[in-house]
Amino acid sequence: MSHHDSIASAVEADVFQIAALHHLLSFTLAECLDGNVYDTSVLEGAVVLTRVINQKFNRVTKAILDGPSVQQD
């Protein structure tokens, strides 16, 4: 396996994790807005999810922009 393949696999895994975390965040916020959650720790968890999603998104973006397919002018 080449270096490029391992980076692509890591980026792909991050994209799937971002999607899963986004769905979890969406569900959590929907439950809060529907009034089904009475504990503030759920909102604290939503903040943590938002931060993790942001970190992973930044990592994926950096990997894509630093990748060999992006040409510098």
S.K.: With Lys62, which of Asp66, Asn58, Val60 fulfils side chain to side chain contact (heavy atoms under 4.5 Å, CB included)?
M.R.: Asp66
S.K.: Can you measure from CD (Gln17) to CZ (Arg59) and round to the nearest 0.5 angstrom?
M.R.: 7.5 Å
S.K.: Mind checking the CG-NZ spacing from Asp14 to Lys56? Nearest 0.5 Å is all I need.
M.R.: 4.5 Å
S.K.: Tell me every residue that passes side-chain contact (heavy atoms from CB on, under 4.5 Å) with Thr40, counting only those two or more places apart in sequence or in another chain.
M.R.: Glu44
S.K.: Using residues 22-35 as the side-chain source, report each donor-acceptor pair under 3.5 Å to any protein atom, sequence neighbours left out, with the distance given to one decimal.
M.R.:
| unit_1 | atom_1 | unit_2 | atom_2 | d |
| --- | --- | --- | --- | --- |
| Thr28 | OG1 | Leu24 | O | 2.8 |
| Glu31 | OE1 | Asn36 | ND2 | 3.1 |

S.K.: For residues 45-55, pull every pair meeting side-chain hydrogen bond (donor to acceptor under 3.5 Å, both in side chains), keeping only residues two or more places apart or in separate chains.
M.R.: none
S.K.: When hydrophobic residues are tied together by side-chain contacts of less than 4.5 Å, even through go-betweens, does Ile53 share a cluster with Ile64?
M.R.: yes
S.K.: side-chain contact (heavy atoms from CB on, under 4.5 Å) with Thr61: which residues, sequence neighbours excluded?
M.R.: Phe57, Leu65
S.K.: Quick one: side-chain contact (heavy atoms from CB on, under 4.5 Å) partners of Val48, sequence neighbours excluded?
M.R.: Val52
